[in-house]
There are 2 protein chains.
Amino acid sequence: MRRMTARPANAHQARLLRLLRDGGPNSRAQLGDQVELSRSKLAVEIDRLLQTGLVVADGLAASRGGRRSHNIRLAPSLRFLGVDIGATSIDVAVTNAELEVLGHLTQPMDVREGPVAVFEQALAMAAKLRASGVAEGFDGAGIGVPGPVRFPEGVPVAPPIMPGWDGFPVREALSQELGCPVMVDNDVNIMAQGEQHAGVARAVRDFLYVKIGTGIGCGILVGGEVYRGTNGSAGDIGHIQVEVDGRPCACGNRGCLEAYFGGSALARDAENAAREGRSAQLAARLEETGELEAKDVAVAATAGDAVALDLIREGGTRTGQVIAGLVSFFNPGLVVIGGGVTGLGHTLLAAIRTQVYRQSLPLATGNLPIVLGELGPTAGVIGAARLTSDHLFSPA
Amino acid sequence: MRRMTARPANAHQARLLRLLRDGGPNSRAQLGDQVELSRSKLAVEIDRLLQTGLVVADGLAASRGGRRSHNIRLAPSLRFLGVDIGATSIDVAVTNAELEVLGHLTQPMDVREGPVAVFEQALAMAAKLRASGVAEGFDGAGIGVPGPVRFPEGVPVAPPIMPGWDGFPVREALSQELGCPVMVDNDVNIMAQGEQHAGVARAVRDFLYVKIGTGIGCGILVGGEVYRGTNGSAGDIGHIQVEVDGRPCACGNRGCLEAYFGGSALARDAENAAREGRSAQLAARLEETGELEAKDVAVAATAGDAVALDLIREGGTRTGQVIAGLVSFFNPGLVVIGGGVTGLGHTLLAAIRTQVYRQSLPLATGNLPIVLGELGPTAGVIGAARLTSDHLFSPA
DNA sequence: CTACTTTCTCCTCCTCCAGGACAAAGGTGG
DNA sequence: CCACCTTTGTCCTGGAGGAGGAGAAAGTAG
């Protein structure tokens with residue numbers, strides 16, 4: 001089960017591996033244009049990488065007017081496991097070394113059942129993927145969990161929505177089970193990295209990824225790197241106050257953003273609206289299922305339900321208020337809105353945009369795109385795979 | 001006039017120069033303990049630095065049980081100029097290579113008079129310092145201006161409180177006049193760097209420096225480096241909204257933090273209180289001078305005036321509200337309160353602390369000190385000098 | 001078939017740098 | 001005062017890192 005994947009011996013090799021990961025197979029000559037190394041040194045390092053098996057020579061490329069080049073690519077047998085643990089669902093995917101998703105499973109789950117049960121499920125899903133033939137073993141795994149993480153140790157700290165996880169040695173436990181290196185991070189951070197690797201944030205180095213799921217969180221990228229803060233709790237914007245003496249929040253405070261918006265708040269508000277007879281459509285749905293979810297509001301909104309649209313707009317305005325403040329403070333080059341909000345999509349985005357553009361400094365918003373994430377549920381698993389590949393593709 | 005100061009030839013030399021700057025004179029052996037270099041390589045690099053004249057051998061140190069060591073120190077003739085341009089005053093100082101202040105001048109000034117007049121004044125102050133004998137010439141200069149700066153070019157962009165400065169080539173113009181390299185940054189950023197170099201933030205890598213002067217701004221340090229954002233406007237927190245449909249602000253919006261607090265707002269509120277007869281003390285002062293300044297409120301507060309104390313507490317609460325949000329978002333290891341608030345000091349600090357500790361996430365505030373800056377008005381000039389020394393002490 | 005381009009390999013030479021040997025210069029205890 | 005220790009600094013050698021020229025290999029264009 002245990003795979004001994006080689007590691008690059010120096011920074012040059014690490015650099016080359018990342019170039020091959022992000023740019024796909026390439027010739028020695030083309031790689032030489034992207035690094036500041038002489039041809040001879042480059043050849044030496046690539047030979048060494050070939051010897052370790054991390055990269056392979058893979059046929060000849062078409063001529064570009066001269067001798068045809070040998071393609072160099074990352075070993076096609078490399079496999080990364082990406083796991084995204086949300087509050088209510090779990091995503092597991094297998095990627096190749098270029099972080100292309102080869103297989104992806106999603107299942108509902110309740111994070112409050114605790115780490116043991118959740119990881120049992122995650123490992124079962126991984127086994128299922130392996131049985132399907134996309135992987136024989138894993139060279140590395142990345143995990144996102146819905147709470148703050150002490151990143152170097154890979155241990156959740158004081159996670160509000162998953163109390164049973166506090167201090168559970170996620171990294172060590174999973175590394176044992178999987179027999180490969182494991183990296184653990186906040187789920188918002190891995191989604192942000194996913195959008196940076198393969199989504200809308202490809203060319204941007206300083207940006208914010210705002211995830212609106214059950215709760216609301218924010219991934220912060222500074223110079224292309226995740227910023228995690230002193231305790232790993234950076235980006236925890238769900239409990240920023242938006243109303244003095246406002247609604248009570250589950251965290252014990254009052255007036256938090258999450259008391260007004262996010263999957264939980266939205267479902268609760270929709271149920272109230274249904275019970276009070278303000279929306280026939282939501283009431284009908286409530287009748288059917290006994291309770292409402294954020295998804296139901298999205299469906300109702302798409303069908304034109306005025307109450308549902310109002311709820312989304314109001315939530316977007318609240319969220320926009322907070323984002324406006326963060327934009328003034330952080331002056332990002334891009335704001336990505338992601339999370340389980342497909343369907344809420346453009347109504348929500350419009351409300352957020354209106355609020356941010358009205359409220360932030362002109363200099364900060366002048367050239368600021370605010371867009372929806374383009375990867376949807378794969379953002380997390382791609383980001384998780386990237387996290388572990390960043391680790392493996394760095395000098396040992 | 002022009003000084004051709006040598007630059008380090010490589011990263012090792014740069015590292016050594018910074019060690020000598022931050023740790024003072026030192027022996028080869030002690031330096032060797034702080035860098036990962038062999039003794040021989042270290043000796044070579046130090047010899048080269050000695051040849052350039054950037055460092056000098058400076059006598060023998062006391063024995064520590066064996067052969068006495070030769071002290072190595074930065075050239076004692078090196079001089080940096082630090083300039084801190086505020087909204088209403090200008091600070092100019094001269095430091096040696098260890099960034100110790102050798103001479104410091106402060107004068108009132110109105111930034112709206114435009115860059116030409118202001119720099120004429122700054123250069124006159126620098127000349128006065130030179131005439132006093134603390135410097136013969138300058139090896140580098142750092143300037144802080146009260147507005148966003150496009151850092152690589154050293155040009156202010158769209159500064160709200162100093163419209164005449166937009167696009168003025170500060171770096172180039174001053175470099176011409178002074179005959180040395182010049183670095184330009186936002187004044188809040190240089191103050192933050194000052195506190196990091198020689199003040200309360202010495203050991204902290206991720207922190208926020210909140211300056212409450214005429215307006216309110218924030219310096220952001222990530223991993224020990226200033227974060228400036230995509231347009232150089234990061235940290236502009238004075239126009240974060242604290243009240244929906246609140247007081248009109250000079251920026252055209254409503255409910256901004258600066259509409260409620262900061263030197264301008266405080267002076268205005270104090271004048272209103274005086275006119276409405278709510279504070280005899282402030283009214284008396286208004287009678288004397290015709291208008292009130294933030295300073296007058298500080299004096300009244302120290303004397304126990306209830307209205308003045310209330311104004312400060314209220315402003316601190318508003319500011320604390322904003323900081324609380326930033327703390328949740330950024331999870332800093334330290335928050336420093338600085339700016340022209342000496343006197344408001346502990347009343348203000350208490351109000352800010354109360355609000356932040358009440359309102360931010362426990363994980364983010366658990367071990368978070370919120371303290372006053374300890375350098376006062378020298379923070380800016382030291383930070384400015386450090387900015388330019390960071391530049392000079394990096395490979396050419 | 002010739003001329004030219006591109007890609008890749010091989011070889012030489014130079015610099016960087018670690019670490020051992022050793023010299024210099026002090027202290028300590030008899 | 002001398003033998004022996006510690007600390008500091010210098011010198012030397014060998015090995016690894018790396019740049020760049022020469023040229024072979026393999027293609028295109030005419």
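Reminder, nothing fancy here: chain letters follow the sequence lines and each chain counts from 1. All values below were derived from every heavy atom in this structure, side-chain atoms included, with hydrogens, water molecules and symmetry-related copies excluded. Quick caveat, the model's predicted, so the values are computed rather than measured.
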- prompt: Would the B/Y227 and A/F330 ring centres measure less than 6.0 Å apart?
  reply: yes

- prompt: Are B/D390 and B/R386 ion-paired here, with the side-chain N under 4.0 Å from a carboxylate O?
  reply: yes

- prompt: Is the count of non-hydrogen atoms from other residues, nucleotides or ligands lying under 6.0 Å from B/R205 atom CZ greater than 12?
  reply: no

message: Taking A/V182's backbone N and O only, do any of them form a donor-acceptor pair with A/R171's side chain (distance below 3.5 Å, no angle check)?
response: yes

message: Any non-hydrogen side-chain atom of B/V204 less than 4.5 Å from a side-chain atom of B/Q196?
response: no

field: Salt-bridge present (A/R202, A/E374; N to O < 4.0 Å)
entry: yes

- prompt: Rounded to whole angstrom units, what separation is found between the CG atom of A/N71 and the C1' atom of C/dC8?
  reply: 14 Å

Shorter than 3.5 Å, N or O on both sides, protein versus nucleotides 23-26 of chain C: list them out with atom names.
from: C/dA24; atom 1: N3; to: B/R67; atom 2: NH1; distance (Å): 3.2
from: C/dA25; atom 1: N3; to: B/R67; atom 2: N; distance (Å): 3.3

task: Report yes if at least one side-chain N or O of A/H70 is closer than 4.0 Å to OP1 or OP2 of D/dA26; otherwise report no.
output: no

statement: Numerically ordered, the residues 37-59 of chain B set in heavy-atom contact under 4.0 Å with DNA chain C is B/L37, B/S38, B/R39, B/S40, B/K41, B/R48

message: Between A/E100 (side chain only) and A/N96 (backbone N and O only), is there a donor and an acceptor less than 3.5 Å apart?
response: no

- request: Answer yes or no: is there an ion pair linking B/R15 with B/E36, defined by an N-O contact shorter than 4.0 Å?
  value: yes

- prompt: Under 4.0 Å between a Lys/Arg side-chain N and an Asp/Glu carboxylate O for A/R79 and A/D139?
  reply: no

- prompt: In residues 24-35 of chain A, which residues come under 4.0 Å of DNA chain C by heavy atom?
  reply: A/R28, A/A29

query: Quick one: does A/N26's side chain have a donor or acceptor within less than 3.5 Å of a partner on A/L31's backbone?
result: no

